[in-house]
Enquirer: 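Before we start, here is the structure in question, set down as structure tokens.
Values below: every heavy atom of this structure, side chains too, minus hydrogens, waters and symmetry copies.
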Amino acid sequence: MPGRLEEIENMLTPALGSALLRRSPELIYTVNAQLVRFRRTEDSPSVLWRRLDSALFNAVYLGTERSMVVLLDDGRRVRVTSDALRDLADRLLALAYRRMDADEALQSALFDLAREGSFAAMRELLSRFPLDDFDRAWITQVLEENGQFR
């Protein structure tokens, strides 16, 4: 799977395991379709974030026969939580905006996502945009308090 499909698979596999992805091969394409929509539709980034979260939940729910327990590639079985899916959806959405030019429209969209709790948007703002001291301090504090500098 070249390009973005490979990136998506590389993000999904450690979190959900290869076994689930084999049972739900359409998940990678569903996620990709949602990422392509970023800034190409009237949908807000937060709507796309929720759609990704929903697609992930549905794949895990159906792929695990409602148990929400996945077999990771290292042999561990873990219960996938809604917080874990939300974080994974956030990180996946970041694949879309990392490829975009750092312009004012993207910065505004990322600030909107950051206000909704997107740690990936906060990391992107810190790394790609000039921020005033207040915004930089606020974002840094939130990321540090939530162990999200990764």
Side-chain angles (χ1 to χ4, degrees), residues 1-41 43-100 102 106-107 109-129 131 135-150:
M1 282 185 212
R4 187 180 350 232
L5 294 176
E6 187 174 293
E7 286 180 295
I8 293 167
E9 182 178 26
N10 289 339
M11 289 185 82
L12 292 174
T13 301
L16 304 177
S18 296
L20 179 78
L21 293 181
R22 281 192 299 276
R23 282 191 299 269
S24 304
E26 73 286 348
L27 179 60
I28 293 169
Y29 298 99
T30 299
V31 167
N32 186 58
Q34 293 299 324
L35 296 181
V36 168
R37 293 178 62 104
F38 189 82
R39 295 225 359 222
R40 292 187 181 168
T41 68
D43 294 340
S44 70
S46 61
V47 167
L48 295 177
W49 187 12
R50 287 191 297 276
R51 284 188 181 154
L52 283 170
D53 185 40
S54 180
L56 292 170
F57 175 84
N58 289 336
V60 173
Y61 185 76
L62 296 173
T64 62
E65 298 176 358
R66 300 182 299 210
S67 74
M68 301 299 286
V69 175
V70 296
L71 174 64
L72 299 181
D73 291 358
D74 64 6
R76 292 180 298 136
R77 291 188 180 280
V78 296
R79 181 170 308 278
V80 179
T81 65
S82 59
D83 286 343
L85 290 175
R86 185 174 192 266
D87 184 60
L88 183 55
D90 185 29
R91 291 172 186 274
L92 287 164
L93 185 57
L95 291 176
Y97 51 76
R98 282 185 195 138
R99 294 176 181 223
M100 297 176 169
L106 178 60
Q107 185 177 14
L110 291 174
F111 265 113
D112 289 344
L113 281 171
R115 285 183 205 96
E116 292 186 38
S118 169
F119 297 128
M122 291 178 198
R123 288 189 294 272
E124 197 73 11
L125 284 165
L126 283 179
S127 68
R128 290 182 63 191
F129 293 92
L131 303 173
D135 287 335
R136 183 166 296 283
W138 167 72
I139 291 170
T140 301
Q141 179 181 356
V142 170
L143 291 173
E144 286 174 348
E145 288 175 356
N146 289 281
Q148 288 291 321
F149 268 115
R150 48 186 150 97

Enquirer: Would you call D87 and R91 a salt bridge, using N to O less than 4.0 angstrom?
Expert: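 Yes, charged N to carboxylate O under 4.0 Å.
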Enquirer: Is there a side-chain contact between L16 and L88, using heavy atoms and a 4.5 Å cut-off?
Expert: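 Yes, their side chains come closer than 4.5 Å.
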Enquirer: Is the closest basic N to carboxylate O distance between R98 and E7 below 4.0 Å?
Expert: no
Enquirer: State the CG-CG distance between D135 and L125, to the nearest 0.5 angstrom.
Expert: 8.5 Å
Enquirer: Tell me, do L52 and L35 make a side-chain contact under 4.5 Å, heavy atoms counted?
Expert: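 In contact.
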Enquirer: Backbone N or O of R123 within a donor-acceptor pair of the R128 side chain at under 3.5 Å?
Expert: no
Enquirer: Check whether any side-chain heavy atom of E6 sits under 4.5 Å from a side-chain heavy atom of N10, and report yes or no.
Expert: yes
Enquirer: Quick one, T64 with V80, criterion side-chain contact (heavy atoms from CB on, under 4.5 Å). Give me CA distance, side-chain angles, the key distance, then yes/no.
Expert: CA-CA 10 Å; T64 62; V80 179; over 6 Å; no
Enquirer: Minimum heavy-atom separation for F57 to L85, with atom names?
Expert: CA-CD1, 3.7 Å
Enquirer: Do L106 and E124 touch side chain to side chain, with heavy atoms closer than 4.5 Å?
Expert: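 A side-chain contact under 4.5 Å is absent here.
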Enquirer: Would a 4.5 Å heavy-atom cut-off, applied to side chains only, mark L93 and L113 as touching?
Expert: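 Yes. Closest side-chain heavy atoms under 4.5 Å.
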Enquirer: Has D73 got a side-chain atom pairing as donor or acceptor with S18's backbone, closer than 3.5 angstrom?
Expert: yes
Enquirer: Run the side-chain contact (heavy atoms from CB on, under 4.5 Å) check on S82 and R86 step by step: do they pass?
Expert: CA-CA 6 Å; S82 59; R86 185 174 192 266; over 6 Å; no
Enquirer: Return the minimal non-hydrogen interatomic distance between L71 and A19, and the atom names on each side.
Expert: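 Looks like O-CB, 4.5 Å.
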Enquirer: Is there side-chain contact between L12 and L20, with heavy atoms separated by less than 4.5 Å?
Expert: no
Enquirer: Can you check whether S54 reaches R50 side chain to side chain, under 4.5 Å on heavy atoms?
Expert: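 No; the side chains remain at least 4.5 Å from each other.
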Enquirer: Find the distance between CG (L5) and CG (N32) and round it off to the nearest 0.5 Å.
Expert: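 Reported value, rounded in 0.5 Å steps: 4.5 Å.
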Enquirer: What distance separates I139 CD1 from E144 CD, expressed to the nearest 0.5 Å?
Expert: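 Interatomic distance, I139 CD1 to E144 CD, rounded to 0.5 Å: 12.0 Å.
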Enquirer: Show your reasoning for whether side-chain contact (heavy atoms from CB on, under 4.5 Å) applies to L95 and V31.
Expert: CA-CA 11 Å; L95 291 176; V31 167; over 6 Å; no
Enquirer: Check L72 against A15 and note the closest heavy-atom contact, atom names and distance.
Expert: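 That would be CD2-O, 3.6 Å.
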Enquirer: Quick one: CZ on R22 to CG on L27, what's the gap to the nearest 0.5 Å?
Expert: 14.0 Å
Enquirer: So which heavy atom on Y97 is nearest to which on A121, and how close?
Expert: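 For Y97 and A121, the tightest heavy-atom pair comes out as OH-N, 3.1 Å.
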Enquirer: Quick one: are F111 and L131 in side-chain contact, heavy atoms under 4.5 Å?
Expert: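 Side chain of F111 against side chain of L131, heavy atoms only: contact under 4.5 Å found.
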Enquirer: Donor-acceptor pair, D90 side chain versus F119 backbone, under 3.5 Å?
Expert: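 A pair under 3.5 Å: yes.
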Enquirer: State whether R115 and D112 are salt-bridged, where the test is any N-O pair (Lys NZ or Arg NE/NH1/NH2 against Asp/Glu carboxylate O) under 4.0 Å.
Expert: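 Judged by the 4.0 Å cut-off on N to carboxylate O distance, R115 and D112 do form a salt bridge.
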Enquirer: Looking at CG of L21 and CD1 of I8, how far apart are the two atoms once the value is rounded to the nearest 0.5 Å?
Expert: 11.0 Å
Enquirer: If you round to the nearest 0.5 Å, how far is CD of E116 from OG of S44?
Expert: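 Output value for this atom pair is 6.5 Å.
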Enquirer: Identify the heavy atoms of V142 and N146 that sit nearest to each other, and give their distance.
Expert: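 Taking V142 first and N146 second, the nearest heavy atoms are O-ND2, 2.8 Å.
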Enquirer: Please find the pair of heavy atoms, one from G117 and one from W49, that lie closest to each other, and give the distance.
Expert: C-CH2, 3.8 Å
